[in-house]
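A note on names: the letters A, B, ... follow the listed sequences, proteins ahead of strands, and every chain is numbered from 1.
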2 protein chains.
Amino acid sequence: MTKMYKENSLSKNQQIIFDLIDKSPEPLKAYTILFYVQKKGIKAPPQVYRALDKLVEIGKIHKIESKNAFVACKNSNCEISKATAFSICERCEEVDEVSDTKLSKYLSKFNDKKGMTFKRFNLEFFGLCKRCKIK
Amino acid sequence: MTKMYKENSLSKNQQIIFDLIDKSPEPLKAYTILFYVQKKGIKAPPQVYRALDKLVEIGKIHKIESKNAFVACKNSNCEISKATAFSICERCEEVDEVSDTKLSKYLSKFNDKKGMTFKRFNLEFFGLCKRCKIK
DNA sequence: CTTTAAAATGTTATATTATTACATACTGTT
DNA sequence: AACAGTATGTAATAATATAACATTTTAAAG
Ligand SMILES: [Zn+2]
Ligand SMILES: [Zn+2]
Ligand SMILES: [Zn+2]
Ligand SMILES: [Zn+2]
């Protein structure tokens, strides 16, 4: 028989790394994470990258591709990272997850002219945040 | 007086690297480019990255962030890389620039709830291309 | 409780991607 | 010719990510 394994619970390293990212007000890079978790016994890059891979896979975090950095998912509705969108301030580097049902639906239904079937998308908007616009 | 410099023409290294990317049927990575252009006298990473930066800046090429690779712009209408969208096959890795005026307009007009003003976006769709769907 | 497959961990080394820093040369305007 | 801006050449290094392999933990199944 093929065994069924439990979902929903994180392993030790995954939990440590998720907690760190979840508490961070800004996206964290892999080696920044490594630096912070060394006191908890996570000493080498593969340990960090493995946890990150898993957390991305299960949708607890997302990767901001243009910054090689990771944020915790703040939406419950971007199921398993299939539909992600972020706003990125080019000045202060603030990153927020865009939570817009219409946008998400619009893009999830999008079909291109060449007959591709899309399973997933990632959208990154760049501009100036409210605060940086004023300055 | 502030000098006016010529636009529209590429420097030697920029032209060599643009030609290579433009002819390539697939996105090229920086070190792949470096390998190919060494016979033309471009020997070191900074030479490649500088040309890439410039070409991205003027909109002749785009960076596929999820692959750290570069493609030539096939649209004339994504002026200076302000509005880019790509379809990426997860199986054969084929990448195409999505050229859809409606999509582009929809996203260019998108305003988020936190008062950010967007200047630019990059969208990457993932899925299976026509050929890979059949298999 | 024992066996077992899957998942996770620990560790060393290495590969890949990108930038810093500094010296020099080219380009086109004044 | 002088100048400012742009581009180039080169060496060194930083930052990001993966390969490979040994070991341990987890929890379902028997
Ligand atoms: Zn999310
Ligand atoms: Zn800002
Ligand atoms: Zn384009
Ligand atoms: Zn394909």
- Query: When all nucleic acid strands are considered with a 4.0 Å heavy-atom cut-off, which category describes B:Lys67: base, sugar-phosphate, or nothing?
  - Reply: nothing
- Give the cluster check for B:Val95 versus B:Leu28: same hydrophobic cluster or not, with ILVMFWY residues linked at side-chain heavy-atom distances below 4.5 Å. no
- Query: Separation of A:Tyr49 atom OH from C:dT16 atom P, in whole Å?
  - Reply: 15 Å
- Item | Among D:dG9, C:dT11, C:dT19, the one nearest A:Pro46 by side-chain distance | C:dT11
- Item | Whole-Å distance separating the CG atom of B:Leu10 from the P atom of D:dT8 | 10 Å
- To the nearest angstrom, the CD1-P distance between A:Ile17 and D:dA17 comes to 14 Å
- Message: Return whichever of B:Ala51 or A:Thr32 has its heavy-atom-nearest nucleotide of DNA chain D closer to the 5' end.
- Response: B:Ala51
- If you check the B:Pro45 side chain, which of C:dA8, C:dA18, D:dT18 turns out closest? C:dA18
- Task: Verify the contact: side-chain N or O of B:Lys63 to OP1 or OP2 of C:dA18, cut-off strictly under 4.0 Å; return yes or no.
- Result: yes
- Residues, nucleotides or ligands: over 12 heavy atoms within 6.0 Å of A:Lys130 NZ: no
- Query: Does B:Ser11 put a side-chain nitrogen or oxygen below 4.0 Å from OP1 or OP2 of D:dT8?
  - Reply: yes
- Note on the structure: Between CG of A:Asp53 and C1' of C:dA7 the distance, given in whole Å, is 14 Å
- Indicate whether OP1 or OP2 belonging to D:dT16 is found under 4.0 Å from a side-chain N or O atom of B:Asn68. no
- Once the angle between the rings of B:Phe110 and A:Phe125 is folded into 0 to 90°, is it parallel (under 30°), tilted (30 to 60°) or perpendicular (over 60°)? parallel
- Item | Length of the CG-P vector between B:Leu52 and D:dT8, whole Å | 12 Å
- Please give, in whole Å, the distance from D:dA11 P to B:Ile42 CD1? 16 Å
- Item | Other residues, nucleotides, ligands: >12 heavy atoms within 6.0 Å of A:Phe126 CZ | yes
- Does a side-chain N or O from A:Lys12 land closer than 4.0 Å to OP1 or OP2 of C:dG10, or not? yes
- Message: Just the rounded figure in Å: distance from P of C:dT12 to CZ of A:Arg50.
- Response: 13 Å
- Does B:Tyr31 make a side-chain donor-acceptor contact with the base of C:dA15, cut-off 3.5 Å? no
- Checking B:Glu124 side chain against B:Glu65 main chain: does a donor-acceptor pair fall under 3.5 Å? yes
- Message: When you measure from the side-chain N and O atoms of B:Lys29 to the phosphate of C:dT16, is any distance below 4.0 Å, counting only OP1 and OP2?
- Response: no
- Query: To the nearest Å, how far apart are B:Phe35 CZ and C:dA15 P?
  - Reply: 16 Å
- Message: From C-beta outward on A:Ala30, which listed nucleotide comes closest to its side chain: C:dT19, D:dT8, D:dA17?
- Response: D:dA17
- Might you confirm whether atom NZ of A:Lys105 has over 12 heavy atoms from other residues, nucleotides or ligands at distances under 6.0 Å? no
- Message: If you only use heavy atoms from C-beta on, which nucleotide in C:dT19, C:dT12, D:dT10 is closest to the side chain of A:Ala44?
- Response: C:dT12
- Item | Nucleotide nearest A:Gln14 when distance is taken to its side chain, options D:dA7, D:dG9, C:dT9 | C:dT9
- Message: Nearest to the A:Lys43 side chain among D:dA17, C:dT11, D:dT10, which nucleotide is it?
- Response: C:dT11
- Message: Looking at B:Gln47, I'd like to know whether one of its side-chain N or O atoms comes within less than 4.0 Å of OP1 or OP2 on D:dT8.
- Response: no
